[in-house]
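Keep in mind that the numbers below use all heavy atoms, side chains included, and drop hydrogens, waters and symmetry copies. Just so you know, ligand 1 is whichever comes first in the structure, and atom 1 is the first atom listed for that ligand.
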Amino acid sequence: MTIDVRIDPHPGNEALNDLWASAWNEPTPRDFSPVLSRSLAHVCAYAGERLVGFVNVAWDGGIHAFILDTCVARDFQRRGIATKLIEQATAIARERGATWLHVDFEPHLIGFYRSLGFRETEAGLIRLRD
Ligand SMILES: CC(C)(COP(=O)(O)OP(=O)(O)OC[C@H]1O[C@@H](n2cnc3c(N)ncnc32)[C@H](O)[C@@H]1OP(=O)(O)O)[C@@H](O)C(=O)NCCC(=O)NCCS
């Protein structure tokens, strides 16, 4: 099936929550509109009209952009979809004026992000609430 990559399509909560349930095993629905309203860009993959992939490019309002929430529906993984999403997200972040594109990730995804041009850096993270 052809995969269609779209920039800023603003998918609704139903489509995003269905994707979250599949990719992140996250059954609790949430409202994504505050996230999308603050983004520099978001990039989505569609199989027909079904949302099957998503990446958010968050932004500090200046030169820093941040890749967040990269995900692909379980039944569409390992077909190169996330690769296409990150390539598009990188291009759009550059076009829209960011100088630095950051990402953090779990150790098993090091090969995925390195192959897309992200070089090694140290980072830190604190969980602020459960
Ligand atoms: C991580 C994720 C986005 C990858 O999506 P995808 O569309 O399957 O990725 P791609 O097909 O573009 O993968 C390209 C390459 O990256 C690497 N890769 C992808 N998923 C991987 C995984 N789970 N573990 C290790 N390497 C992985 C492989 O080298 C893969 O190439 P191959 O299939 O020829 O082996 C997807 O598995 C997902 O949604 N996972 C759950 C959410 C998550 O953990 N997101 C990461 C946030 S940082």
Problem set entry | Heavy atoms from other residues, nucleotides or ligands near CZ of R114 exceed 12 (cutoff 6.0 Å) |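 Result for CZ/R114: enclosed.
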Exercise. Below 4.0 Å from any atom of ligand 1, is there a heavy atom belonging to G80?
Worked result: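 In this structure, G80 qualifies as a contact of ligand 1 - some heavy atom is under 4.0 Å.
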Problem set entry | Y113 near ligand 1 by a heavy-atom separation under 4.0 Å |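 So Y113 counts as touching ligand 1.
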Among all protein heavy atoms, pick the one closest to [atom] and tell me residue, atom and distance.
atom	result
atom 26 (N) of ligand 1	H108 O, 3.8 Å
atom 38 (C) of ligand 1	Q77 NE2, 3.4 Å
atom 41 (C) of ligand 1	A23 O, 3.3 Å
atom 39 (O) of ligand 1	V72 N, 2.8 Å
atom 15 (C) of ligand 1	F112 CD1, 4.0 Å
atom 27 (C) of ligand 1	R78 NH1, 3.7 Å
atom 45 (N) of ligand 1	T70 O, 2.8 Å
atom 2 (C) of ligand 1	A82 CB, 4.4 Å

Have a look at ligand 1 and work out which part of [X], if any, has a heavy atom under 4.0 Å from it: side chain, backbone, both or neither.
X	value
I67	neither
R79	backbone
W24	side chain

Could you check whether any side-chain heavy atom of [X] comes within less than 4.5 Å of a side-chain heavy atom of [Y], counting everything from C-beta outward?
X	Y	value
R96	W59	no
L36	L16	yes
L51	Y46	yes

For this session: Look at atom 34 (O) of ligand 1 and say whether a protein heavy atom is found at less than 4.0 angstrom from it.
Result: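 Given the 4.0 Å cut-off, atom 34 (O) of ligand 1 does not count as touching protein heavy atoms.
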Problem set entry | Single hit among L85, T83, T90 for side-chain contact (heavy atoms from CB on, under 4.5 Å) with E87 |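 The residue from L85, T83, T90 that satisfies side-chain contact (heavy atoms from CB on, under 4.5 Å) with E87 turns out to be T83.
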For this session: Specify the closest pair of heavy atoms between N13 and F32, including all atoms of both residues, with the distance to one decimal.
Result: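 The answer is OD1-N, 2.8 Å.
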Problem set entry | Shortest non-hydrogen contact between H42 and P11, atoms and distance |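 In this case the closest contact between H42 and P11 is NE2-CD, 3.7 Å.
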Exercise. Do the side chains of I67 and I110 join up, straight or via other hydrophobic residues, at under 4.5 Å, putting them in one cluster?
Worked result: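 Same hydrophobic cluster.
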Exercise. Are L109 and V55 grouped together when hydrophobic residues (ILVMFWY) are joined by side-chain heavy atoms under 4.5 angstrom apart?
Worked result: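 They do share one cluster, since a chain of ILVMFWY contacts under 4.5 Å joins L109 to V55.
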For this session: Over 60° means perpendicular and under 30° means parallel, so classify the ring planes of F54 and W20, tilted if in between.
Result: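 Plane angle over 60°, so perpendicular.
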Exercise. Considering only heavy atoms of C71, which atoms of ligand 1 have at least one such atom less than 4.0 Å away?
Worked result: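 This gives 3 (C), 39 (O) as the contact atoms.
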For this session: State whether the shortest distance between N or O atoms of D104 and N or O atoms of ligand 1 falls below 3.5 angstrom.
Result: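 No, since none of the N or O atoms of D104 sits under 3.5 Å from an N or O of ligand 1.
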